[in-house]
2 protein chains.
Amino acid sequence: MSAGKRQRNRHQRVTLSDVAQAAGVSSITVSRTLREPDKVSPDLRETVLKFVDSMGYIPDFAARALASSDSGIIGVISPALTNHAYLGVMRGIEDRVRSTDLRIQYANTTYDPADEVRQLKQFLAQNPTGIIFANVDTNPAVEDMLRVARCPVVQIMDVSKAPANMAIGIDHKVAGEMATRHLIESGYRRIGLLGGRWDARARRRLEGYTAVMKEAGLYDPALIIALDHMTSVPLGGHLLDRLLQTVPDADAAFCHHDELALGAVFECQRRGIDIPSQFGICGYNDMDYVAVSVPAITSVRIPRYEIGFRAVDMILRALDRGSASPSLVDLGFTLVRRASTARQG
Amino acid sequence: MSAGKRQRNRHQRVTLSDVAQAAGVSSITVSRTLREPDKVSPDLRETVLKFVDSMGYIPDFAARALASSDSGIIGVISPALTNHAYLGVMRGIEDRVRSTDLRIQYANTTYDPADEVRQLKQFLAQNPTGIIFANVDTNPAVEDMLRVARCPVVQIMDVSKAPANMAIGIDHKVAGEMATRHLIESGYRRIGLLGGRWDARARRRLEGYTAVMKEAGLYDPALIIALDHMTSVPLGGHLLDRLLQTVPDADAAFCHHDELALGAVFECQRRGIDIPSQFGICGYNDMDYVAVSVPAITSVRIPRYEIGFRAVDMILRALDRGSASPSLVDLGFTLVRRASTARQG
DNA sequence: CTGTTAGCGCCTTCAG
DNA sequence: CTGAAGGCGCTAACAG
């Protein structure tokens, strides 16, 4: 790694055998006391722990990982870690991990397939205890790596495709269908689709949108507006602007992210377009602000926290069982109707 | 399993010496080829790299970390990782790290001092290459640990207190002063302070607010409203509600986070309070949405991305130098005036 | 329940 | 510029 200072002075750090010597036992006993206390007699355990404490012993994770082929790290790989919607997932992950002695390592691939492979390799090089992968349809190289990984792997967010191993999330296509159908049922006809990057989930929502629009005889490709950017509130305004340029009679928008929806709301306000009578807006994710914005924004609630929490749980269970039986958990979603689509008549 | 086998669970993993054997060199040469290519002759380098590639060799980070006392990991410890404002910092960190072979490990302490110590211990146990610590005034135990850490440590966000090692951020007290002064100069008098948890930075801003309000003869403790919650848009509405209950003639609010400011704006809209003529609102952080909201919200711009980027850079430089000379970088901030405080007269 | 033995895979040191 | 030797700190696999 980087230019490191040499520090071969072994007495800087308290090691397992230092503790063992002081306690008058073998190092393996100290090791066991720390990792499998049940397998050590109570009195020995007590003495050992006393020495561990008084000597300020801190285990060396690298040594542990090397000897046991298990780093104690759960790697989380996401194409858009800095997306606000992931925060909920992170919270769930963290909360589930807190009571264990595992650690989380996050990696952000920014939708770069090469980086995805690189980062995954880096994790694999660490003998991870588990991997959470927030992308489902990725390149085959990644799929292969995930399949042969020697640890439980959970793919999160989307369950519309059979995963290499375990998966938990929702079906974004069905969600897209439901949102679109809701807008149609609310009386809107020229319904635009505002999106950012076409990642796997966005494409699934697009499929849902397209299916329903075609079924209703309302499909028009000009209604689909997307820019290859990270979603943001300002982007929502730009997208609506472009939609109205392209399709002046557009009367609603299904947004791929609540950030876009909020931006669209602001843009409508600037233009004096009334929501919901003149224009309907449906968001996605049900971020906390859509419930309190003026007007409140209809959105699709995704169980983000639960996805994170249970993903870790699935890894833990697989470790307990000693085997990773493939499984797929569809957590479902909820359409939350609010003022932004509550058209009169 | 077979007779006379002494091999342990020798995984199918390709090791350094496998590559060395195949290439007809010693393992240390392969090791050097990978880490310090300059120190290996070009032709040897080429052959070695060919074998590395064809055999699919992936270094074992645990072994590397154990042998070199350097894990190649930069640990990022934050009390509120899932705060939206940190995303910018994360982006900066990631961008600076991408071109190196270092990895980032994030830890979230949720403002729990005990967890802060625990997580820091966990990092220290990994021989981190560097540590980024997003909290300045912490308990003495943490300060001590940071001081004796055998790697560069950068404390980020706040520079109002002398750090254990290096620090980069802004002076939140001065920022609080400037925001408050701006509101006063805009003609507001009963200026509330809306906040969440009183972390170090929030307290600094409070100090700035208090100083300026007292100086102007406008200070009134009833104007300070805070709830010990994570900031959010809905919370902003609640806080404004409470402010108006306690101080019905309040005519402005300085919010500790743009999320709160946005929530306050929505609350005003619901109540039919006009911004900025009846009520002025100033946020903090300059999140992207404040520029496009209706009305646009005045805010204090913090160089979040740069803080993250340069924090990593400082670690890298310290490693290059081989020594961590204490340093403190104040990046400054900017008050961005917008409609929410543009009072006529 | 406790200990012995033998590495895990790599890098540091020190020679050549 | 290259290599041989040894060990980093811990734990798996057997014993007893």
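Throughout, a chain's letter reflects where its sequence line sits, starting with A, and its residues are numbered from 1.
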- Where is the tightest heavy-atom contact between A/Ala134 and A/Arg201, given as atom of each residue plus distance?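 Smallest heavy-atom distance, with atoms named: O-NH1, 3.7 Å.
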
- B/Ala114 versus B/Asp112, closest heavy-atom pair with distance: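 Looks like N-OD1, 2.9 Å.
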
- Item | Short side-chain N/O contact from A/Thr29 to OP1 or OP2 of C/dG3, under 4.0 Å |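 So the side chain of A/Thr29 is within the cut-off, an N or O lying under 4.0 Å from OP1 or OP2 of C/dG3.
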
- Query: Using a cut-off of less than 4.0 Å, is there contact between a side-chain N or O of B/Ser68 and OP1 or OP2 of C/dC11?
  - Reply: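 Result: no.
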
Whole Å only: how far is the [atom1] atom of [X] from the [atom2] atom of [N]?
{"X": "B/Leu66", "N": "C/dC11", "atom1": "CG", "atom2": "P", "result": "11 Å"}
{"X": "B/Asp60", "N": "C/dC8", "atom1": "CG", "atom2": "C1'", "result": "8 Å"}
{"X": "A/Asn127", "N": "C/dC10", "atom1": "CG", "atom2": "C1'", "result": "13 Å"}
{"X": "A/Ile58", "N": "D/dG9", "atom1": "CD1", "atom2": "P", "result": "13 Å"}
{"X": "B/Gln21", "N": "C/dC10", "atom1": "CD", "atom2": "C1'", "result": "16 Å"}
{"X": "A/Lys39", "N": "D/dA13", "atom1": "NZ", "atom2": "P", "result": "11 Å"}

- Item | The single option from A/Ile77, A/Ile168, A/Ile315 passing side-chain contact (heavy atoms from CB on, under 4.5 Å) against A/Ile132 |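 Result: among A/Ile77, A/Ile168, A/Ile315, A/Ile315 is the only option passing the side-chain contact (heavy atoms from CB on, under 4.5 Å) with A/Ile132.
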
Of the nucleotides [options], which one has an atom closest to the side chain of [X]?
{"X": "B/Ile28", "options": "C/dC10, C/dG3, D/dG3", "result": "D/dG3"}
{"X": "A/Arg32", "options": "D/dG3, C/dG9, D/dA13", "result": "D/dA13"}
{"X": "B/Ala63", "options": "C/dC10, C/dC11, D/dG3", "result": "C/dC10"}
{"X": "B/Leu44", "options": "D/dT2, D/dG9, C/dT4", "result": "D/dT2"}
{"X": "A/Ser41", "options": "C/dT12, C/dG7, C/dT2", "result": "C/dT2"}

How is [X] classified with respect to the nucleic acid when contacts are heavy atoms under 4.0 Å: base, sugar-phosphate, or nothing?
{"X": "B/Leu16", "answer": "sugar-phosphate"}
{"X": "A/Arg35", "answer": "sugar-phosphate"}
{"X": "A/Asp43", "answer": "nothing"}
{"X": "A/Phe61", "answer": "nothing"}

- Query: Looking at CZ of B/Arg96 and CZ of B/Arg310, how far apart are the two atoms once the value is rounded to the nearest 0.5 Å?
  - Reply: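 The CZ atom of B/Arg310 is 11.5 Å from CZ of B/Arg96, to the nearest 0.5 Å.
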
- In Å, rounded to the nearest 0.5 Å, how long is the span from CD of A/Gln126 to CZ of A/Phe61?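 One gets 13.0 Å once the value is rounded to the nearest 0.5 Å.
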
